[in-house]
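Comments concern the structure below.
Throughout, protein chains are lettered first and strands after them, A, B, ... in sequence-line order, and every chain is numbered starting at 1.
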Amino acid sequence: MDAIVAQLQRQYRDYTISLYQQGILDDQFTELKKMQDDGSDFVAEVLSLFFEDCVRLIGNMARALDQTGTVDFSIVGASVHQLKGSSSSVGAKRVKGLCVTFKEFCDTQNYEGCVRCLQQVDIEYKTLKTKLQDMFNLEKQIVQAGGKVPQVDIN
Amino acid sequence: MTREIVNEIPNLAESMLTALVVDDDFVNQSIHHKILDRLGIKNDVVSNGKEAVDVHCSGRNYDLILMDMDMPVVNGIQATKKLREMGIESKIAGVTTRANEVEKKEFMEAGLNEFQEKPLTISKLLSILHKLDFYAKTSAGLFNQRWDKANCPKVRVDPDNLIH
């Protein structure tokens, strides 16, 4: 049993580190984990709220960009600003980075740039969601095997 | 510059501090509420500046208000001005992603006591509490003891470079 736990913990550690190394997560995600009490699902709950934000805001952006006639870039920009804020708050580094670029395209009213960013942001948040789900599953497996989820030192 | 991580989270429950979180985003509401909870600070959450004003009109009062800037209905600048006009003397810390000097100045001039860039972390909130002298209200030496134990002399708390 100990060998299984140790293997799972190694897997978890390697997987988590890879998410930081790929630039998918940043230090703010580490900060969220520090806020979590033992045994609580705080991080998962906050990420769930974040993904709900993504669905809502990306929907707003898509609708605003879908206007036949004049696109109101300030409406798109307002949703991008919100998504940038919440992605920054959860450590979703790539999503945040895309939002920075997206906002610049909104400010310069670059339609093609906005549409490209919208597609990329949609892909990126879904990728993050899948990867975090895998990470949370590994945590569950460790706990079910009788082990403790290790604190991963990123630095 | 490497960021040093705080291993122990101080418990300020004995200080009986209360706080109000004012933010329209559920992610930030959740995070700010959690950080305050973890520090033992009882707190309420509202979603915009109007609700922040209304809650004070209903007679509630708080030691600390964490005020977002961009909110619908009534934004953080307007709410801060209104609360000060009402004579509310709570410490108000502006917490926002907007960090350019012009916007920061406008927010500060509305009546803030302190300003911190989002995203908020435990360290950043401790820095706010320290700058606003709230940590002095904890039980005798509690906060200082933890810092002394962690080999930290009387240095100013820097949210990005906490020494332990």
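With a 4.5 angstrom heavy-atom cutoff, D37(B) does not touch chain A via any of its atoms. At a 4.5 Å heavy-atom cutoff, L39(B) makes no contact with chain A through either its backbone or its side chain. Proximity to chain B is limited to the side chain of L32(A), based on heavy atoms less than 4.5 angstrom apart. Heavy atoms closer than 4.5 Å to chain B are found in both the backbone and the side chain of F50(A).
Ranked by heavy-atom pairs shorter than 4.5 Å toward chain B, the options V90(A), D37(A), V46(A) are led by D37(A). Heavy-atom pairs under 4.5 Å with chain B peak, among Q36(A), E45(A), Q82(A), K84(A), at Q36(A). Chosen from A78(A), S89(A), G91(A), the residue pairing most often with chain B at heavy-atom distances under 4.5 Å is S89(A).
Taking every heavy atom of both residues into account, R13(A) and P150(A) meet most closely at NH2-CB, 3.3 Å.
Counting only residues at least two apart or on different chains, the ring pair (Phe, Tyr, Trp, His ring centres under 6.0 Å) pairs with a member in residues 16-56 of chain B are H56(B)-Y62(B).
Heavy atoms of other residues, nucleotides or ligands lying less than 6.0 angstrom from CD of E106(B) number 12 at most. Within a 6.0 Å sphere centred on CE of M16(B), other residues, nucleotides and ligands contribute 12 heavy atoms or fewer. When the shell of 6.0 Å around NZ of K140(A) is examined, it contains 12 or fewer heavy atoms from other residues, nucleotides or ligands.
Side-chain polar atoms of Y20(A) and T30(A) form a donor-acceptor pair below 3.5 angstrom.
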